[in-house]
Each structure stands twice: as C-alpha cells, then as structure tokens.
Amino acid sequence: MKKLLFLLMLALIVNAATGQKAKRTTAFNYLRNDKLEKAMEYIEPTITHEKTMSDPKTWYYRGTIYLKIALSDDPEIRTLSPDALDIAYESYIKSKALDEKEEYLKDIDANMRVIAQEYYNRAVINYNEQNFEEAASDFEKTYI
C-alpha cells in the first residue's frame, strides 16, 4: 500500500513538473495544424508558469501563434486577438532577451521584419486617415 501511494505521489509530481511544457508543445501542435484558437488557449498559461516563463521557446511559440493570427486573411481568425501584432512583437522581444544560446534568433529576426512591414502598413493607413499619434507609434515600431 505504501509503495502504491509513493508511486502515485511520484507520478503526480512528475506530471506537475512537465505539465506546462506539455501545454507549450500542444500549443505548437495546434499552431502547425492552423487551430489558432486552441493554440492561444494552450500557450497563455505557459507564460506565467514558473517552469516555462523563463524559457525562450515559450515566448517564441507565443509570438509565432499571434503573428499567424495577425497575418490571417480570415477576419474571423483576426478577431481572436485584435492586438495580435503587438503581442507577437512583445513575445519575440522577450524570447530574444531570454535566448542566450540564440537558438531562435534567425527565425525571430525574420519574423520581426514581417512585423515591421505590418506596422509600416498600419502607419501609412493611420497617417493617410490623419491619425497622427497612432501613425507615429506604428512608425516607431518599424525600426526594430
């Protein structure tokens, strides 16, 4: 009986320790299958959990999920997060800061150029509509 209880407790500890990493992996798998709503659902808890919040992979996956939402041609997908571009930008900045081994650097830099282009496009639209404060903010973000 004691062995069974010990094994059960050990299994719970191992499950708790790997639970957030599993959520992160699940989020990535949903991303690969274009199930962005589910990917968002699984990635968000990982950015506040102590086991995964300091891992650049967590922030890289989050940035990639939100960038895909921001770039979607489907208006329904874009409504999942109206500020998806900003979240992607912030996530990549965080990932880059945590990525001491520079594992994700090339991908992040490539995606940041895409984000910069999107900010530039938004800035031009805002400028033409005489929303100068928003245009200035977006123009500043193009300089990455």
J.: Donor-acceptor pair, Asp99 side chain versus Ser95 backbone, under 3.5 Å?
T.: no

J.: My understanding is that only one of Asp86, Ile87, Leu36 makes a side chain to side chain contact (heavy atoms under 4.5 Å, CB included) with Ser81; could you say which?
T.: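 One option only clears the test, and that one is Ile87.
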
J.: Could you tell me which non-hydrogen atom of Ala88 sits nearest to which non-hydrogen atom of Gly63, and how far apart they are?
T.: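 Answer, listing the atom of Ala88 first, then Gly63: CB-O, 3.4 Å.
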
J.: Quick one: does any side-chain atom of Tyr92 pair with a main-chain N or O of Thr64 as donor and acceptor, under 3.5 Å?
T.: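 Yes, because the side chain of Tyr92 sits within donor-acceptor range (under 3.5 Å) of the backbone of Thr64.
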
J.: Going from CZ on Arg24 to CG on Asn29, what distance comes out if it is rounded to the nearest 0.5 angstrom?
T.: 12.0 Å

J.: Against Thr52, only a single residue in Lys23, Lys57, Lys21 fulfils side chain to side chain contact (heavy atoms under 4.5 Å, CB included); can you say which?
T.: Lys21

J.: Say whether Leu71 and Ile65 are linked into one hydrophobic cluster, either directly or through other cluster members, by side-chain heavy-atom distances under 4.5 angstrom.
T.: yes

J.: Go through Gln117 and Thr142 one step at a time and tell me if the side chain to side chain contact (heavy atoms under 4.5 Å, CB included) criterion holds.
T.: CA-CA 7 Å; Gln117 183 63 46; Thr142 64; over 6 Å; no

J.: Evaluate the ring planes of Tyr104 and Tyr60, with Trp represented by its six-membered ring, and classify them as parallel (under 30°), tilted (30 to 60°) or perpendicular (over 60°).
T.: parallel

J.: Can you tell whether the side chains of Asp73 and Arg78 come within less than 4.0 Å, N to carboxylate O?
T.: no

J.: Taking everything shown except Glu37 itself, do over 12 heavy atoms lie less than 6.0 Å from its CD?
T.: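 Incorrect, the count does not exceed 12.
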
J.: Ignoring hydrogens and geometry beyond distance, is a side-chain donor-acceptor pair present between Asp138 and Tyr120 at under 3.5 Å?
T.: no

J.: Taking the six-membered ring for Trp, are the ring centroids of Phe28 and Tyr42 within less than 6.0 Å of each other?
T.: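 Here the rings of Tyr42 and Phe28 have centres that are no less than 6.0 Å from each other.
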
J.: When hydrophobic residues are tied together by side-chain contacts of less than 4.5 Å, even through go-betweens, does Val114 share a cluster with Ile77?
T.: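 Val114 clusters together with Ile77.
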
J.: Is there a path of hydrophobic side-chain contacts, each under 4.5 Å between heavy atoms of I, L, V, M, F, W or Y residues, that connects Trp59 with Ile69?
T.: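 No; tracing contacts between hydrophobic side chains, which count when under 4.5 Å, never links both residues.
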
J.: Could you check if a side-chain atom of Asp55 sits within less than 4.5 angstrom of a side-chain atom of Thr58, using non-hydrogen atoms only?
T.: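 When only atoms from C-beta onward are counted, Thr58 and Asp55 do touch, with a gap below 4.5 Å.
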
J.: Between Leu85 and Ile115, is the side chain to side chain contact (heavy atoms under 4.5 Å, CB included) condition met? List the steps.
T.: CA-CA 7 Å; Leu85 192 63; Ile115 290 172; 4.0 Å; yes

J.: Could you go through Tyr119 and Phe139, starting from their C-alpha distance and side-chain angles, then the distance that decides it, and tell me whether this counts as ring pair (Phe, Tyr, Trp, His ring centres under 6.0 Å)?
T.: CA-CA 7 Å; Tyr119 277 128; Phe139 275 127; over 10 Å; no

J.: Out of curiosity, does Leu98 fall in the hydrophobic cluster containing Leu67 (side-chain heavy atoms, cut-off under 4.5 Å, transitive links)?
T.: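 No, Leu67 and Leu98 fall in different hydrophobic clusters.
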
J.: Mind checking the CG-CD spacing from Asp83 to Glu90? Nearest 0.5 Å is all I need.
T.: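 Answer for the CG-CD pair, Asp83 versus Glu90, is 8.0 Å.
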
J.: Which pairs, with at least one residue in residues 124-133 and sequence neighbours excluded, count as a salt bridge (Lys or Arg N to Asp or Glu O under 4.0 Å)?
T.: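 Qualifying pairs, neighbours excluded: none.
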
J.: Please assess Thr46 against Met53 for the test side chain to side chain contact (heavy atoms under 4.5 Å, CB included), listing each intermediate value before the final yes or no.
T.: CA-CA 6 Å; Thr46 67; Met53 66 190 274; over 6 Å; no

J.: Measure the CD-CG distance between Glu76 and Leu80 for me, rounded to the nearest 0.5 Å.
T.: 7.5 Å

J.: Would you please name every residue forming a ring-ring contact (aromatic ring centres under 6.0 Å, His included) with Tyr66, sequence neighbours left out?
T.: none

J.: Can you tell me how far apart OG (Ser54) and CD1 (Ile47) are? Round to the nearest 0.5 Å.
T.: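 Here the rounded value is 12.0 Å.
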
J.: Look only at the side chain of Asn33 and the backbone of Lys35, and say whether a donor-acceptor pair between them is shorter than 3.5 Å.
T.: no

J.: Could you tell me if the side chain of Glu44 sits less than 4.5 Å from the side chain of Arg62, heavy atoms only?
T.: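 Yes, their side chains come closer than 4.5 Å.
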
J.: Closer than 4.0 angstrom, basic N to acidic O: yes or no for Lys96 and Glu102?
T.: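 Looking at Glu102 together with Lys96, the answer is no, because their closest N to O distance does not fall below 4.0 Å.
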
